[in-house]
Amino acid sequence: MMQAVGRRYVACFNTRYRRTGTLWEGRFKSALVDSDRYALACYRYIELNPVRAGMVGTPGDYPWSSHHANTGRQLDDDVTFVSHI
């Protein structure tokens, strides 16, 4: 599915901007998040990206962040953490 989406997007993008070739190097990759500890590390990495980019001062300042839901400060039905343990 991701490959088909990528191909369509690249074709549309290239047509719109009158260019050819690929947009991304390599293939779509995924990694199994198989532990709570690794899931938290992933959350930290993702939520700190806007801070590292200098866009906001803290993760909770980024308007599209799930930081508040992940820290339990705000309920959000769209954000769930399911422990497999």
Determine whether a donor-acceptor pair (N or O, by modelled atom type, separation under 3.5 Å) exists between the side chain of N14 and the backbone of A11.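 Checking the backbone N and O of A11 against the side chain of N14, no donor-acceptor pair under 3.5 Å is found.
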Determine yes or no for a side-chain-to-main-chain donor-acceptor pair under 3.5 angstrom, with H67 supplying the side chain and E47 the backbone.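 Pair absent, no side-chain N/O of H67 close to backbone of E47.
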Assigning hydrophobic clusters by single linkage (Ile, Leu, Val, Met, Phe, Trp, Tyr; side-chain heavy-atom cutoff under 4.5 Å), is M55 placed with L48?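 In one cluster with M55: L48, yes.
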Should I46 and W64 be counted in the same cluster of Ile, Leu, Val, Met, Phe, Trp and Tyr side chains packed under 4.5 Å apart?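 In one cluster with I46: W64, no.
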If I compare all heavy atoms of V33 with all of Y38, which pair ends up nearest, and what's the gap?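 Where V33 meets Y38 most closely, the heavy atoms are CA-CD2, 3.6 Å.
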Where G57 and D61 come nearest, the two heavy atoms and their spacing: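 Looking at all heavy atoms of both residues, the closest pair is N-OD2, 3.7 Å.
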So for atom CZ, which belongs to R8, do other residues, nucleotides or ligands contribute more than 12 heavy atoms lying within a distance under 6.0 Å?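 No, CZ of R8 has 12 or fewer neighbouring heavy atoms, counting only those of other groups under 6.0 Å.
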List the steps, then state whether side-chain contact (heavy atoms from CB on, under 4.5 Å) holds for L40 with R37. CA-CA 5 Å; L40 291 174; R37 184 176 180 177; 6.0 Å; no
Which of parallel (below 30°), tilted (30 to 60°) and perpendicular (above 60°) describes Y17 and F13?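 Answer is tilted, since the angle falls between 30° and 60°.
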Interatomic spacing from OH in Y62 to NE2 in H68 - rounded to 0.5 Å: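 Answer for the OH-NE2 pair, Y62 versus H68, is 13.5 Å.
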